[in-house]
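Remarks on the structure that follows.
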Amino acid sequence: MSEISVIQSGPVQVNSLIVPLTEKYVFIIDPAGSSLTGDENSITGYLCLHDLIPVAVVLTHGHFDHVIGLPVIHETYPDIRIAIHENDMDYLGANSAVYQERSLVPLGCESLLPAVSNLPGADCLFRDGLVLSNIFDKQYCLGICNNREDETEAVFRSLANWKILHTPGHTPGSVCLYNAAAGKLISGDTLFYQSYGRTDLYGGSEKDMMNSLAELRHVIPAETSVYPGHGFCGFPFSSFI
């Protein structure tokens, strides 16, 4: 497996991503499949079908539509870690309903609240400038890889290629993940094709969003392929700038 796989799932058709690390190991971005939409096995089924092993779950932010699939993933793969930016950590865990409700009520989606209450908590918190190998260290990778040192080294090196870019605006803890070597940007709900994420929900900030987009323009090459949280994937960053 060499390309990012996109699985549109959940109540708002999130682009849940399966990101390759090696031919065998991957990490999951924003699992959204849910029993409410009848696609709770969309990610686990894909992984099983293709004999892929998930190393971790990485969340671009904490909104309900990007985390509603966490219970299924956690139940199926109880040993893999869940990571989110420290500023969005309260969207997860035993008190997740409190934060999730603040986004669901303005959207008229209160009926989804039970599905995002008492979510699995974050195992790891990240911040700007780190790479994923800082979050998922070699000892952890060794366990995921069943103590195979050759596979562990390959997974760890691949994780080191993914840099965390803190891009607040949609939420305080929104992030993008950038792999310069592969020429890929995972943008969550910060950046869409010829558009950007809304800033009118709880914790959103138009000022922060403008600053985040300006920073992306400064550091992301025009030819980079972008994989957003919704809609068309694989468009060049130049279509935004």
Side-chain angles (χ1 to χ4, degrees), residues 1 3-19 26-50 52-54 56-78 80-84 88 90-122 170-171 173-175 177 186-193 195 197-198 200-204 226-235:
M1 181 180 180
E3 292 298 322
I4 294 174
S5 297
V6 182
I7 301 172
Q8 291 189 327
S9 60
V12 196
Q13 288 295 283
V14 165
N15 291 331
S16 297
L17 306 179
I18 308 299
V19 185
V26 299
F27 65 93
I28 302 167
I29 295 281
D30 295 349
S34 165
S35 59
L36 294 177
T37 43
D39 56 4
E40 65 270 30
N41 297 318
S42 56
I43 294 174
T44 57
Y46 181 91
L47 296 174
C48 182
L49 178 64
H50 295 279
L52 298 172
I53 299 174
V57 177
V58 179
L59 303 173
T60 62
H61 63 291
H63 277 163
F64 70 97
D65 51 327
H66 291 253
V67 302
I68 196 169
L70 281 177
V72 171
I73 299 297
H74 189 259
E75 180 180 351
T76 308
Y77 305 104
I80 68 169
R81 292 178 179 174
I82 300 167
I84 194 169
D88 273 15
D90 290 330
Y91 283 99
L92 306 182
N95 296 315
S96 60
V98 175
Y99 268 67
Q100 296 296 344
E101 186 176 26
R102 293 170 178 173
S103 298
L104 288 168
V105 169
L107 295 172
C109 296
E110 296 94 327
S111 62
L112 295 176
L113 188 57
V116 288
S117 298
N118 196 29
L119 288 170
H170 185 61
T171 67
S174 287
V175 301
L177 288 96
I186 295 170
S187 63
D189 283 7
T190 295
L191 175 65
F192 303 124
Y193 179 63
S195 185
R198 63 190 298 172
D200 58 332
L201 297 176
Y202 175 80
V226 182
Y227 292 77
H230 302 272
F232 176 45
C233 282
F235 62 88

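The analysis underlying the following values was restricted to heavy atoms, covering all of them including side chains, and did not include hydrogens, waters or symmetry mates. Bear in mind that the values here come from a model prediction, so they are computed numbers and not experimental data.
Listed by chain and residue number, Leu70, Pro71, His74, Ile82 satisfy the side-chain contact (heavy atoms from CB on, under 4.5 Å) test with Pro120 (two or more places apart in sequence, or in another chain). Residues passing the salt bridge (charged side-chain N to carboxylate O under 4.0 Å, His left out) test with Arg102, sequence neighbours excluded: none. With sequence neighbours left out, Ser9 forms a side-chain hydrogen bond (donor to acceptor under 3.5 Å, both in side chains) with Ser16.
The two residues Val72 and Glu40 come nearest to each other via the heavy atoms CG1-O, 3.3 Å. When all heavy atoms of Pro31 and Ile73 are compared, the pair lying nearest together is CB-CG1, 3.8 Å. Closest heavy-atom contact between Ser96 and Val116: OG-O, 2.8 Å. Across all their heavy atoms, Asp65 and Asp189 have their closest contact at OD2-OD2, 4.4 Å. Closest heavy-atom contact between Arg198 and His170: O-ND1, 2.8 Å. The nearest pair of heavy atoms linking Pro54 to Leu47 is CG-CD1, 4.0 Å.
Panel note: side chain Gln100, backbone Tyr91; a donor-acceptor pair is recorded below 3.5 Å. Looking at Asp39, its side chain never comes within 3.5 Å of a backbone N or O of Gly33 through a donor-acceptor pair. For Ser195 (side chain) and Phe192 (main-chain N/O), no donor-acceptor pair under 3.5 Å exists by modelled atom type.
Of the candidates Asp88, Asp30, Val175, Ile28, Asp30 is the only one forming a side chain to side chain contact (heavy atoms under 4.5 Å, CB included) with Leu59.
Relative orientation of the His66 and His61 rings is tilted, given thresholds of 30° and 60° on the angle between their planes.
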Margin query: For Val19 and Tyr227: C-alpha separation, side-chain torsions, deciding distance, then whether side-chain contact (heavy atoms from CB on, under 4.5 Å) applies.
Written below: CA-CA 11 Å; Val19 185; Tyr227 292 77; over 6 Å; no
Notebook entry, point to check: So Leu52 and Tyr46, side-chain contact (heavy atoms from CB on, under 4.5 Å) or not? Walk me through it.
Noted result: CA-CA 8 Å; Leu52 298 172; Tyr46 181 91; 4.0 Å; yes
Checklist line | side-chain contact (heavy atoms from CB on, under 4.5 Å) evaluation trace for Leu36 with Ile68 | finding: CA-CA 10 Å; Leu36 294 177; Ile68 196 169; 4.3 Å; yes
Checklist line | From CA spacing to verdict: side-chain contact (heavy atoms from CB on, under 4.5 Å), Ile18, His50 | finding: CA-CA 11 Å; Ile18 308 299; His50 295 279; over 6 Å; no
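Remark: Ile29 CD1 to Leu177 CG distance equals 5.0 Å, nearest 0.5 Å. Atom-to-atom distance recorded for Cys233:SG and Asn15:CG is 4.0 Å, nearest 0.5 angstrom. Here Ser174 contributes atom OG and Ile84 contributes atom CD1; the two are 9.0 Å apart, rounded to the nearest 0.5 Å.
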